[in-house]
Amino acid sequence: MNKKSRATVLCAGTILTTFVLAMPLTATPLVVRQTASTMAPPSTEAVNEASKPEIGSGPDSVDLSALYYYARNGEADRVEAETRRLAVKFPDFVLPADLYAPEAGNKVDESSLWQLYERDDYAGIDREVSRLAAAHPGWEPSADFRIKLERRKLRIAITEAHANKDFTTIVRIGAGLDPMQETEIDLLWMMIDAYRANDMRDALTDIYRGILFRGQEKAFSDELVLTTLQKAIEDVPAADLREAMQALSADPDLSLGMKGLQLDLMRREIGDYAASVPGAPRPGDGILSTVRQVAETEGSPEDLALMGWYLLKIEQPKEAASWFERLMADRPTAEAVRGLALSLAHLSKEGEAFALVSKHMDLLDAEDAFVADQLSFAFKGEGKAKIEDSVVARYSEAIQKTESADHARLLGWYAYNSRQFEPARAWFAKAFDWQPEGDSLKGMILSLTRLGEKTQVGELRKRHGEAYASIFAELKSATEPRGKSGKAVDAPSGIEARYLSSLQKKDYGACIADLRKLEARGPLKPDVQVSKGWCLLGLNHLAEARQAFTDGLSRGGGKADDAAYGLGLTLLRANLTDDAEALLMQQSITPLRERELRAELLWQKARTAFDRKQYRQTLEALNARLQLTSEPVGISQMRAWSHYHLGNLAQSRAIFAQLNQVMADPANSRGIAAISERMGIIQ
């Protein structure tokens, strides 16, 4: 790849839209270094110049090696002489603080650690670190080893999570990757998959920006950039992506490679308009004719569907139906069924649409809202379609998964008019629970009346008589149902809403997608808002989760305790300890959950105090936390180090020793070694 020309693109200062906004527009300058083999031999003047004092510079490890050698061997006179020499050469020289520390300047052989590293034997590494730390008090693994070990662990964890499609875990453990600096592009691609699965659009944009627009010294090859652009077509708005590609096209080689992406970008522009993406313009005739010609000649399912959806968008359902029929002829899919059914419905052929959906219900397992809308045709008063038992069952299932009050009420009237009063009562009650509305209450009371449940009717009158006075007035003139025959309707079977099922599976992206579909039909109930909060918290969308929990809490409902608990966890995860403390003072939460939140609150206070080196405040917070719950090893280690920094060495050593008896942790061994050294204890 011509990295230089791509850097020129960045220097040009091209102003792009949302996707390219805030991209670095200046390339990092290259630093030219000469190697030893290309440098000219030093002149006599240069040698003499080198012997002069170096103002403003300090000795390196080579300059200090003799000093450390004399100190290690206890040769005080030579240490003094070497110190004078270094002071002449380096006027600002001061003795290193670790000059007389054990093993100062002498590195421990880490070859055994590297051998274990190559075998990915992390347990063995922990044991070997403990052994070396005990043999060399004060020693810790080199920074190079620690960095590479953590990096290797991170790569393995992300790769395994990606193979298992555990995208939530990838988001959590990969959050620290810097898109502008990361050199292993496959990790960034895995992050793209994870952010896409969890619908994290801002994070996706940051990843793409980091891959495509970076300084020339870190730029990826043309092949990798083109692969990334191919991925971006699915995620980045078409207009933004076109501007980004235009900016990158200043590189001739890259511009040539991007020609193959132009057709995919045209498809994306048509798709955005057809899907009513905000701000997406209507594609020009040139784009439409190009994609239409490809669809007609090649007939790929994706292009056939794309043309069908576009024609539906511009209200040409007859033409759209022809494209979806061609797609159905190739191989029936859920998209083909949906497109053709909606085209037929736009042509006022609801009966044909119902028959189509009834025939292909097996393809529409994940399309509950669409299925409910289409199957409802048969349950309406004017519907004359033949209803199969399977249709009733699937309609009932779709209603419960979408929690649709309108469809539940419709099925309730169908059951009532066919004199199935018990299931009718149940469906009306469910509809009223999901969305309190007069017609549902009326159906529920009529059903209870036909069942002879006068007591329950009286209770409903006491509870809702004032708010729904007109409904109770209408009941006086209600007539018996005519007793039309109908298919057997079962009462609601307790099938969970799809978003709840996704929440339980920790598929938070799917949960939010389902809830957005519900939200498009109307405001979410308080209990559903709480569920939305949990899904957003699972995605680590803290600001949105906070809003959802706050809405659920302020509007009441049966999950007020859940809302307060979720809000507390959200505030603590955002490190808003003051807000979390205020919440605990204002809201009533079950004792177990309150204890959990207070324990986490105190732990955050302790951690903040420890980071600020306020060790007494750290211990105060930890002591208060200990009154609420047990203390895990990591927190006890913080307690031990706090005592250490306060000079309570015996107490600190006792804590580490006690922890070491419970579990062999290298951190405990290193703590004991550090304290023993400070106390002068020979191990």
Checklist entry - Would a distance-only check, ignoring hydrogens and angles, find a side-chain to backbone donor-acceptor pair under 3.5 Å from T205 to R201? => result yes
Next on the checklist: Would the distance check show the side chain of Y508 and the main-chain N or O of N540 forming a donor-acceptor pair, the cut-off being under 3.5 Å?
Outcome noted: no
Checklist entry - Would you say D235's side chain and R196's backbone share a donor-acceptor pair under 3.5 angstrom? => result no
Item to check | Over-ring placement of R593 relative to Y565, 6.0 Å and 45° cut-offs | outcome: yes
Checklist entry - With a distance cut-off below 6.0 Å to the six-membered ring centre and an angular limit of 45° from the axis, does K532 pair with Y499 as a cation-pi contact? => result no
Checklist entry - Taking atom CG of D362 as the centre, does the number of heavy atoms from other residues, nucleotides or ligands within less than 6.0 Å exceed 12? => result yes
Item to check | S493 backbone acceptor or donor facing Q400 side chain under 3.5 Å | outcome: yes
Checklist entry - Are the side chains of Y273 and I314 in touch, meaning some heavy atoms are under 4.5 Å apart? => result yes
Item to check | Cationic N near anionic O, under 4.0 Å, E422 to R425 | outcome: yes
Next on the checklist: Working note: D433 + K430, criterion salt bridge (charged side-chain N to carboxylate O under 4.0 Å, His left out); need CA distance, chi angles, decisive distance, verdict.
Outcome noted: CA-CA 5 Å; D433 177 52; K430 185 65 72 174; 5.2 Å; no
Checklist outcome for this item: When rounded to the nearest 0.5 Å, the distance separating CD of E350 from NE2 of H346 is 10.5 Å
Checklist entry - Is Q374 reaching over with its side chain to a backbone N or O of A353, donor-acceptor style, under 3.5 angstrom? => result no
Item to check | Working for salt bridge (charged side-chain N to carboxylate O under 4.0 Å, His left out), residues R516 and E519 | outcome: CA-CA 5 Å; R516 282 178 178 162; E519 217 163 4; 6.0 Å; no
Next on the checklist: Can you see whether W534 engages D562 through a side-chain donor-acceptor pair at a distance of less than 3.5 angstrom?
Outcome noted: no
Next on the checklist: The test is side chain to side chain contact (heavy atoms under 4.5 Å, CB included); show your working for L448 and L460 and say whether it passes.
Outcome noted: CA-CA 10 Å; L448 288 170; L460 289 174; 3.6 Å; yes
Checklist entry - Which heavy atom of L597 sits nearest a heavy atom of L572, and at what distance? => result O-CD1, 3.7 Å
Checklist outcome for this item: Between I170 and A161 the two heavy atoms that sit nearest each other are CG1-CB, 3.5 Å
Item to check | Modelled atom types, side-chain donor and acceptor of E388 and S390, under 3.5 Å | outcome: no
Next on the checklist: Using side chain to side chain contact (heavy atoms under 4.5 Å, CB included), reason through W323 and L306 one step at a time and then give a plain yes or no.
Outcome noted: CA-CA 9 Å; W323 287 97; L306 183 62; over 6 Å; no
Item to check | Residues, nucleotides or ligands: over 12 heavy atoms within 6.0 Å of K349 NZ | outcome: no
Item to check | Minimum heavy-atom distance between S502 and D514, given as atom pair plus value | outcome: OG-OD2, 3.5 Å
Item to check | Nearest-0.5 Å distance, CG of residue L342 to CZ of residue F370 | outcome: 5.0 Å
Checklist entry - Does one side chain, of Y310 or R282, offer a donor that lies under 3.5 Å from an acceptor on the other? => result yes
Checklist entry - If you look at every heavy atom in E437 and D439, which pair is closest and at what distance? => result OE1-N, 2.9 Å
Next on the checklist: As a quick check of understanding, evaluate side chain to side chain contact (heavy atoms under 4.5 Å, CB included) for R409 and D406, giving each step before the final call.
Outcome noted: CA-CA 5 Å; R409 185 166 57 253; D406 292 339; 2.7 Å; yes
Checklist entry - Has the side chain of W603 got a donor or acceptor atom that lies under 3.5 Å from a matching backbone atom of A621? => result no
Checklist entry - Side-chain contact, heavy-atom cut-off 4.5 Å: I399 with W427? => result yes
Checklist entry - Can you tell me how far the CG atom of L204 sits from the CD1 atom of I192, to the nearest 0.5 Å? => result 6.5 Å
Checklist entry - Can you find a pair of side-chain heavy atoms, one from L539 and one from E544, that are under 4.5 Å apart? => result no
Item to check | H464 and F432 aromatic centres sub-6.0 Å | outcome: yes
Checklist outcome for this item: Heavy-atom nearest pair, D490 first then P423, reads C-CB, 4.1 Å
Next on the checklist: Quick one, Q435 with K525, criterion side chain to side chain contact (heavy atoms under 4.5 Å, CB included). Give me CA distance, side-chain angles, the key distance, then yes/no.
Outcome noted: CA-CA 8 Å; Q435 182 181 335; K525 295 188 306 176; over 6 Å; no
Checklist entry - Just by modelled atom types, is the E302 backbone N or O under 3.5 Å from a matching donor or acceptor in the E335 side chain? => result no
Next on the checklist: Rounded to the nearest 0.5 Å, what separates atom CZ in R338 from atom CG in L312?
Outcome noted: 10.5 Å
Item to check | Side-chain touch V392/F379, heavy atoms, less than 4.5 angstrom | outcome: yes
Checklist entry - Are L567 and Q587 close enough that some pair of their side-chain heavy atoms sits under 4.5 Å apart? => result no
Checklist entry - Taking it one step at a time, do K442 and E474 satisfy salt bridge (charged side-chain N to carboxylate O under 4.0 Å, His left out)? => result CA-CA 8 Å; K442 178 180 178 180; E474 291 175 12; 3.2 Å; yes
Next on the checklist: I need the R625 CZ to I635 CD1 distance, nearest 0.5 Å.
Outcome noted: 3.5 Å
Checklist entry - Can a salt bridge be assigned to the pair R394 and D365 using a cut-off of 4.0 Å between side-chain N and carboxylate O? => result no
Checklist entry - So, do L241 and R268 sit near enough that their side-chain heavy atoms are less than 4.5 Å apart? => result no
Checklist entry - Does the R573 side chain pair with the main chain of L537, one donor and one acceptor, at a distance under 3.5 Å? => result yes
Item to check | Side chain to side chain, H407 and T402, heavy atoms closer than 4.5 Å | outcome: no
Item to check | Minimum side-chain heavy-atom gap V171-Y195 below 4.5 Å | outcome: yes
Next on the checklist: Please report the interatomic distance CD1(I495) to OG(S396), rounded to the nearest 0.5 Å.
Outcome noted: 7.5 Å
Checklist entry - Do you know which two heavy atoms are closest between L177 and M191, and how far apart they sit? => result CD1-CG, 4.0 Å
